[in-house]
Amino acid sequence: MPELPEVETVVRQLRQKVLEKKVVNVEVFDPKVVDTRLQQLAPFKFKNITRRGKSIIASLDNDNYLIIQLRMTGHFYYVPKLPSSDTHNEHLAAVFHFTDKSILTHNSIRRFGKIQLATKKEVDEYVSKLGPEPLEMTSSEFISSLQKTPSAVIKSKLLEQDCIAGIGNIYAQEALYHAKILPSKKINQISESQLTKLHKELQSVLLKSIEHNGSTVSNYTHIAGKGEFQNFLAVYQKDKCPKSHKIRKVQIGGRSTYYCKDCQKS
DNA sequence: CAATCGTCCTGCGGGC
DNA sequence: TGCCCGCAGGACGATT
């Protein structure tokens, strides 16, 4: 569930906490989640931490990179000093130790996510497979990107990372609600003015969520705690829309999809 | 070629 | 009370 706003929140906090700090040791506890080669990497510093879609890209000062995917339940916790107790030991995947005895832990409940060691070339290759950033594209780019597959279902298309990067199940549904478009509509059944509206509403909902540190539903927390945007969701996992209409839940492309039949008529 | 399905993984909640 | 089943879902590979 960490989507663009949640990942952006984590990236901003990681930058604050660990940029330019010297890592003296990395322990890997879950080789399925974290590349074990990280254990041979220290000492190094985090030079820069950026986001691309739902992925975190960390560049290190030794020409290596980390590609980090949180997927459903990946978490980072920053602990200023090595705790005597076993804080954040649950589902522990890796621990980064800094010179000042502070630590950064990576925890993953469902173990879907990954921290991979990569070269510049591998990062470039990985990033080039992703579609454009929704907050950095114009509405005409957005429309032409969607219209490449006219018969595709709009909600499913919004989730495809090679079309537009960073949208997941929550924000696809929220944007469609605000744009008053039915999630089951095919792209060629949606007018250009409606797609323009969708682009605007998508950007708006993403920006608002970033302002509120993302949405915390089920498991997501950022480094400093929970997001607050779940309090502003219109349809996702709701019984009633903001206008008190009954929300319906269907499966689209095998994923739960919430929508309001009364508000989303287009 | 696009769309759908199965898979990974764990925790939780509903039902009996 | 306790157990089992199904659901949650991002991304990828396999299949239709």
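Each chain gets a letter, A, B and so on, in the order the sequences are listed, and its residues count up from 1.
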Categorize [X] for me: base, sugar-phosphate, or nothing, with a 4.0 angstrom heavy-atom threshold over every strand shown.
X	answer
T149(A)	nothing
S256(A)	sugar-phosphate
R71(A)	base

Taking the side chain of [X] as heavy atoms from C-beta outward, which of [options] is closest to it?
X	options	value
E3(A)	dG11(B), dG10(C), dC8(B)	dG10(C)
Q251(A)	dT10(B), dG10(C), dA8(C)	dA8(C)
K249(A)	dG9(C), dC7(C), dT10(B)	dC7(C)
M72(A)	dT10(B), dG10(C), dA11(C)	dG10(C)
K54(A)	dC9(B), dG11(B), dA11(C)	dA11(C)

Aromatic ring pairing F98(A)/F46(A), orientation class (parallel under 30°, perpendicular over 60°, tilted between): tilted
Phosphate OP1/OP2 of [N]: any [X] side-chain N/O under 4.0 Å:
X	N	answer
K32(A)	dC8(B)	no
Y236(A)	dG9(C)	yes
K155(A)	dA3(B)	no
H91(A)	dG11(B)	yes
T73(A)	dG10(C)	no
R255(A)	dG9(C)	no

Sequence neighbours left out, cut at 3.5 Å: what donor-acceptor pairs do the side chains of residues 21-28 of chain A make with other protein atoms?
{"unit_1": "K21(A)", "atom_1": "NZ", "unit_2": "Y78(A)", "atom_2": "OH", "d": "2.5"}
{"unit_1": "K21(A)", "atom_1": "NZ", "unit_2": "D100(A)", "atom_2": "OD2", "d": "2.8"}
{"unit_1": "K21(A)", "atom_1": "NZ", "unit_2": "S102(A)", "atom_2": "OG", "d": "3.4"}
{"unit_1": "E27(A)", "atom_1": "OE1", "unit_2": "H97(A)", "atom_2": "NE2", "d": "2.6"}

Spacing between N188(A) atom CG and dA2(B) atom P, to the nearest angstrom: 14 Å
V11(A) to I56(A) - nearest heavy-atom pair and separation: CG2-CG1, 3.7 Å
Transitive ILVMFWY side-chain link I57(A) to V7(A), under 4.5 Å: no
